[in-house]
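Supplied in structure tokens, the structure appears directly below.
Just so we're clear, the structure is a prediction, and the values are computed from it rather than from any experiment. In the text below, chain A, chain B and the rest are named by the order of the sequence lines, each starting its count at 1.
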Amino acid sequence: MFEAQEINAEHKDLIHDVAYDFYGQRMATCSSDQYVKVWDQSPDGKWTLTSSWKAHSGSVWKVTWAHPEFGQVLATCSFDRTAAVWEEIVGETSGPAERGNRHWVRRTNLVDSRTSVTDVKFGPKSQGLQLATCSAEGIIRIYEAPDVMNLTQWTLQHEVPCKLPCSCLSWNPSLSKIHPQMLAVGSDDANPANGGKVFIYEYSENSRRWMKLETINTVTDPVHDIAFSPNLGRSFHILAVATKDVRIFNLVPDSSDASGVTKLDVQTVAQFDDHGCTVWRVCWNVTGTVLASSGDDGTVRMFKMNYINSWKPVAVLKGDGSQVPSDTNKTVQSSNTPILSSISQTARYIKLGSITNPREVAWH
Amino acid sequence: MSTTFCSTQEGPVNALALNKDYTQVAVGGRNVFKIYLIEDDQFKEVYNLRASKHLGTSFSCNDVAWSSTDDNYLATAATNGHVCVWNLGKMGKAMQEQDYQEHKRTVNKVNFHTSEPNRLISGSQDGTMRYFDIRIPSAVAIFYSNTESVRDVQFSPHNPYNFASVSENGSVQLWDVRKTDRHQQQYTAHSGPIFACDWHPDVSWLATASRDKTIKVWDLTNKPTLEYTIHTIASIGHVKWRPQRKYHISSCALVIDSTINVWDVRRPYIPYAAFNEHKDIASGIAWKGDPESFLSTGRDCTLYHHSFSDADRPASRANSQAISLNNKGEILYAQKIIISNNIATKSAIGLIRKSSTSVPPDHFHQAASLLQNYLKNTQQNQESKTFLCFAKNYILSGRSLSEMCDHNAAVAIEYGKLPIATIWRIIKIMYGEEFLQNSEIHASRNRENSMTGLVTPLVGMDHLTSDQRSRDGDTPVAQFSDETENEDQVDHVAMYNNGFPTYLNYRTGLPKGDFSFGENELDMEFDGIGSDFRNGYRSYQPIHPTQQDWTLPSEAFPIRHEIMDRSPPADQFPNHNSPDIHEDPLPVVTSIHEPPQGLLTVRIFPSRAAWDPGNILVEALKHHASLGDIQTAVCILIVLGEQRKYLTDLDESIQEQWLLGYIELLTRYQLWNIVTQVIKLSWIPSVSHLSQQSTRINTNCSKCNKPLQRIGWLCDKCHSSEYALCSVCHQVVKGLYVWCQGCSHGGHLGHIQQWISKNNTCPTGCGHFCEYR
């Protein structure tokens, strides 16, 4: 099935988040030791550390990649009450085929929160460069970089109060133009009397505000992670929630309402307590067909939807690495040469002419 | 069990001090100087020295100290430079036993000697420390720190003659009270001002706290060595070791952060415990001699009694696990390593430091994560591999629809995806060129229908559809019920994987191009399927007494006979395409076999438009899309080309969503060429425009810097094209121009390629080692 390959991350404290980039060839890790590390995968599947830097003065909770269209950009959030945006700078190459000296620079530090910033996520790329953060004080903040070429300027667009301390958030990645922007936020508040711990917000074009659409009242235990499924072709949304168990919800927009306010029909389609203990993370594959979850039992469990729309557990991976086979060589599919990345490695250009429309960036 | 409680003061509190039995607390601040008795769940005021008339209005207390030997003696440090000694055993004005007016500036700290009675030291902003015997009205010794200001001064609990002082220039000085001329040791501890220090009660450690947002622990046994560094989020104003916990130290910040944190120095990144009671900056911490409770004061005018059981544990809420999936199906998984108490494991891992035996088992500091990458074995890595192969091998344009369908079906079969191959074949059957003629006829007939008002009422249509569906559902279930268990799911898969190709065999037996929905062929085909269905079907024969082959244009066009406008029932079988339909209830089925019912059905068979396979196809595409197989849905749509117009049920926004979804997926696999192809073939403006955004670079004339608007090789202003010459042939380049980004010379693509295959340097002779990628 799977072969486990142990990566010696050499973080001095707990790793709180790992994130693949858009192409699945780089990864970023962040840890309580206040460091963020970026790794690149060689064609034989081995990971090599390419950058490591002290990003915050507190535990770094989450790390997330921006769409590569905007460059090699990371966002981090921390216990030190800030969120930061980082960009990789490639130094000048001294000769052909030589990779330049690369390092990450802090483009901005978002200091609006008065408590620990618990999650940070880039918005869907169709909306430009947007960043959402949520904090333990229970405020969701939406930032935007008006000029995608200038990552140093971020404006705080919205502050959405959420009455409970927030622990995690997820953007709805739907590509459909008929779905307004949507965010889901989870709270790790431990008191069941405070009601539902998952909140769904939607951006209303009419009022230009984020409005709370729904509170999922069936989830009253602390929520540790939340993830919208990639929506490549569905008319409804799927939301996975990590709480004391794994929950999967279908959010069916009901646009029959003429007032323009979306109504959501929230259906619990699956509930798995296979972990038998607190579930910490949920994560989707790129097509949104497989959900992976991890819990205190030290396993990764995978769930898949079958042909009659019911979810079934399909795999369990033990995390202790005890049965790690020594031979982990794996051939990675050859892919077309990443033209753009090779261009970006040559950092300095001789000016032949200026680009008249610098705001338009090549999409890919 | 101790509890958390608080008492509100008249003004901000700057300092607090406990008596030697930890039964009373003195608090001092700008307008506050009180002594409280500490009870189980409240503070009880015993003295309010501020209320005494004799105190000057300028008095503002910076620090308070309580003698560790005599419960009656208190000392205060004032902003006006006064150091006062108070005797609680006296009354009224006599309480203020001494008032040393020796410091020229604010006194930051007063500290009683830990064992010798009557000994007191003060540290001031004027850079001096003064050593007092409280029985003598002037200082007995003065220590000059040679720094601008002394922020903290503390007697060592380990050596009766030693004390440490810290100053704003970041240095720590160690003094012997017997040597007033010079400090014993001095070292630079921080890059910013040090605001506080605290001796470890048991070992020879000194903790220092600084504006540089760190707390450092120094081992002073021999040469000062840095043992631990704690990084905090704000400047630290105060530090105090937690009693009986060797590695625990409490701290409060000078700005921003009003939390009181307790750290384990071995895990210097995240607080072991946090106390969030204060609403403003905390200004002092005093432990009650046991590790479970302490008092603190704050700028928010409060005095708090904290219980450790009420502490917030930030680490317990911290996420100790992380997972991430990529497009290849690989999984990254980081989890906390659980280190057991087993000594054998300990030595094997070699991570654990020996902790003192008095401390109960505590694994807080043992924080480490294991990061693992789960790679899928090649055999198992089907999903992404198939996606890649399909993406690369599908033909989406340039051939006839039938050819493309055949090819794509062959591709699907090659990778064992029979259902997808089947769909391609059906597409060919339904929309192939052979059928095109018919569809046009239907379309024209539809138009006529609508013109003459013969369009079927909607209700009738609904009847018909549901009726037909139920009958359709009958066929496969009847056929396969023997082979499958009665589980929905299994049924489904079985039908999808086995049933359909079997069924398809009947089709493939037909001569190519002969397909039509005429009754003859159907009859022939269904002969093989089972008499039940044929009987059911035959019951319709009275509807169509004429055995016309209506593919003939001569009959289809001019004649608008009532019968001609009816739907030929042959539309049933392609329904198998959509798996959803099998879930329809089946009760109607039985009735159909009876001829009278069949006749009844005739009556609700109104004149109906020609059968449109669109709905079924749309259902099938939607089904695939919802299963995450956006590739099939999009590729079929693209291959259909113009035929898409018959898919009236498929909203354009859905088509757009699918296209964008497929493009995003292709992008993840970096299949740029296919992305471009899909964009190029796309029929939705917003998608096809993707390739037209940001793909144009307008250059400027190298001479006059004006944009070259019309053509790339001739500047309209200076009428020169000398900068567009090829470096090899010296002709103006009017096609593809390639240039080196290093030296900016270039020319015809072919010429440069030729040149660079033989030479390393620039053709112009500029000497640059050119780099054409």
Inset, instruction - Quick one: do Met27(A) and Asn373(B) satisfy side-chain contact (heavy atoms from CB on, under 4.5 Å)? Show the steps, please. - result: CA-CA 11 Å; Met27(A) 72 165 171; Asn373(B) 188 13; over 6 Å; no
Legend entry - Residue pair Ala322(B) / Val18(A): nearest heavy atoms and the distance that separates them: CB-N, 3.4 Å
Inset, instruction - For the residue pair Gln372(B) and Leu317(A), establish whether any side-chain heavy-atom pair is separated by less than 4.5 Å. - result: no
Legend entry - chain A contact via Thr232(B) - side chain, backbone, both or neither, heavy atoms under 4.5 Å: backbone
Legend entry - Where Gly295(A) and Tyr333(B) come nearest, the two heavy atoms and their spacing: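 Scanning both residues, the minimum pair turns out to be O-OH, 4.2 Å.
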Legend entry - Contact leader toward chain A among Gln321(B), Lys622(B), Lys213(B), where contacts are heavy-atom pairs under 4.5 Å: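 If we count pairs closer than 4.5 Å to chain A, Gln321(B) comes out on top.
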Inset, instruction - Output yes when a side-chain donor or acceptor of Asn326(B) lies under 3.5 Å from a complementary backbone atom of Tyr23(A), and no otherwise. - result: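 Side chain of Asn326(B) to backbone of Tyr23(A): no pair is present.
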Legend entry - Spacing of Arg317(B) atom CZ and Ser167(A) atom OG [to the nearest 0.5 Å]: 9.5 Å
Legend entry - Contact summary for Gln335(B) and Gly298(A), nearest pair of heavy atoms: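 Reported closest heavy-atom pair: OE1-CA, 3.5 Å.
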Legend entry - Contact origin within Thr29(A) toward chain B - heavy atom pairs under 4.5 Å: side chain
Inset, instruction - Against chain A, label Leu659(B) side chain, backbone, both or neither, depending on which of its atoms sit under 4.5 Å from a heavy atom there. - result: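 Answer is neither: Leu659(B) stays 4.5 Å or more from chain A.
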Legend entry - Heavy-atom proximity to chain B below 4.5 Å, by part of Asp188(A): side chain
Legend entry - Closest-packed option against chain A by number of heavy-atom pairs under 4.5 Å, given Ala315(B), Pro314(B), Ala318(B), Pro271(B):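 With the most close heavy-atom pairs to chain A, the winner is Ala318(B).
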Inset, instruction - Check whether any side-chain N or O of Trp280(A) sits under 3.5 Å from a backbone N or O of Asn319(B) as a donor-acceptor pair, and report yes or no. - result: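 No, the answer is negative, given that no donor and acceptor are paired below the 3.5 Å cut-off.
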Inset, instruction - Examine whether an atom of Glu656(B) lies under 4.5 Å from a heavy atom of chain A, and if so say whether it belongs to the side chain, the backbone or both; otherwise answer neither. - result: side chain
Legend entry - Residue part contacting chain B, namely of Asp225(A), when any heavy atom lies under 4.5 Å: neither
Inset, instruction - Evaluate the side-chain contact (heavy atoms from CB on, under 4.5 Å) criterion for residues Gln5(A) and Glu330(B): first the C-alpha distance (whole Å), next the side-chain angles of each, then the deciding distance (0.1 Å), finally the verdict. - result: CA-CA 11 Å; Gln5(A) 170 192 342; Glu330(B) 297 171 8; over 6 Å; no
Legend entry - Rounded distance [0.5 Å steps], CG in Leu332(B) versus OH in Tyr20(A): 3.5 Å
Inset, instruction - Measure the shortest side-chain to side-chain distance between Glu664(B) and Val286(A) over non-hydrogen atoms and say whether it is less than 4.5 angstrom. - result: no
Inset, instruction - State the CZ-CD distance between Arg668(B) and Gln25(A), to the nearest 0.5 angstrom. - result: 12.0 Å
Inset, instruction - Enter the distance from Leu627(B):CG to Leu232(A):CG here, rounded to the nearest 0.5 Å. - result: 12.0 Å
Legend entry - Heavy-atom donor-acceptor pair, His231(B) side chain to Ser57(A) backbone, under 3.5 Å: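 Not a single qualifying donor-acceptor pair exists.
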Legend entry - Contact class of Leu621(B) relative to chain A, heavy atoms under 4.5 angstrom: neither
Legend entry - Heavy-atom proximity to chain B below 4.5 Å, by part of Arg114(A):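 Neither part.
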Inset, instruction - Evaluate the side-chain proximity of Thr287(A) to Ile630(B): yes if any heavy-atom separation is below 4.5 Å, no if none is. - result: no
Legend entry - Inter-residue atom distance Lys177(A).NZ - Ile684(B).CD1, 0.5 Å rounding: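 One finds 9.5 Å between NZ of Lys177(A) and CD1 of Ile684(B).
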Legend entry - chain B contacts, top residue of Val290(A), Asn8(A), Asn231(A) (heavy-atom pairs, under 4.5 Å): Asn231(A)
Inset, instruction - Please look at Thr259(B) and chain A and tell me whether the side chain, the backbone, both or neither of the residue comes under 4.5 angstrom of a heavy atom of that chain. - result: side chain
Inset, instruction - Measure His11(A) against the heavy atoms of chain B and call it side chain, backbone, both or neither at under 4.5 Å. - result: neither
Legend entry - Contacting moiety of Asp629(B), where chain A heavy atoms sit under 4.5 Å: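 Interface part for Asp629(B): neither.
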Inset, instruction - Under 4.5 Å heavy-atom distance to chain A, tell me which part of Ile323(B) shows up: side chain, backbone, both or neither. - result: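 Both the backbone and the side chain of Ile323(B) come within 4.5 Å of chain A.
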Inset, instruction - Give the minimum heavy-atom separation between Lys328(B) and Gly24(A), together with the two atoms involved. - result: NZ-O, 3.4 Å
Legend entry - Residue list, side chain to side chain donor-acceptor pair (under 3.5 Å) with Glu10(A), at least two apart or on another chain: none
Legend entry - Top contributor to chain B interface from Asp13(A), Ile7(A), Thr289(A) [non-hydrogen pairs under 4.5 Å]: Asp13(A)
Inset, instruction - With a 4.5 angstrom heavy-atom cut-off, could you sort out which part of Ile15(A) is near chain B: side chain, backbone, both or neither? - result: both
Inset, instruction - Could you tell me which of His224(A), Lys62(A), Arg81(A), His56(A) has the largest number of non-hydrogen atom pairs under 4.5 Å with chain B? - result: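 Looking at each option in turn, the highest pair count goes to Arg81(A).
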Legend entry - Flag side-chain contact, heavy atom, 4.5 Å: Met302(A) against Ile331(B): yes
Legend entry - Point-to-point distance, once rounded to the nearest 0.5 Å, from NE2 of His179(A) to OG of Ser653(B):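 Nearest 0.5 Å value for the NE2-OG distance: 7.5 Å.
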Legend entry - Part of Leu371(B) within contact of chain A (heavy atom distance under 4.5 Å):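 Both the backbone and the side chain of Leu371(B) come within 4.5 Å of chain A.
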Legend entry - Non-neighbouring partners of Ser229(A) that pass side-chain contact (heavy atoms from CB on, under 4.5 Å), sequence neighbours left out: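 Scan of Ser229(A) (side-chain contact (heavy atoms from CB on, under 4.5 Å), adjacent residues dropped) gives Arg234(A), Ile238(A), Trp284(A).
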Legend entry - Closest contact, heavy atoms only, Ser626(B) versus Met305(A):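 Closest approach of Ser626(B) to Met305(A), heavy atoms only: O-CE, 3.7 Å.
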Inset, instruction - Give, as side chain, backbone, both or neither, the part of Ser32(A) having an atom under 4.5 angstrom from any heavy atom of chain B. - result: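 Both backbone and side chain of Ser32(A) come within 4.5 Å of chain B.
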Legend entry - Derivation of the side-chain contact (heavy atoms from CB on, under 4.5 Å) call for Phe22(A) and Thr667(B): CA-CA 9 Å; Phe22(A) 184 77; Thr667(B) 314; 3.8 Å; yes
Inset, instruction - Would you mind telling me which of Ser324(B), Gly661(B), Pro268(B) has the largest number of heavy-atom pairs within less than 4.5 Å of chain A? - result: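 Ranked by contacts with chain A, first place is Ser324(B).
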Inset, instruction - Heavy-atom distances under 4.5 Å only: say whether Lys12(A) touches chain B with side chain, backbone, both or neither. - result: both
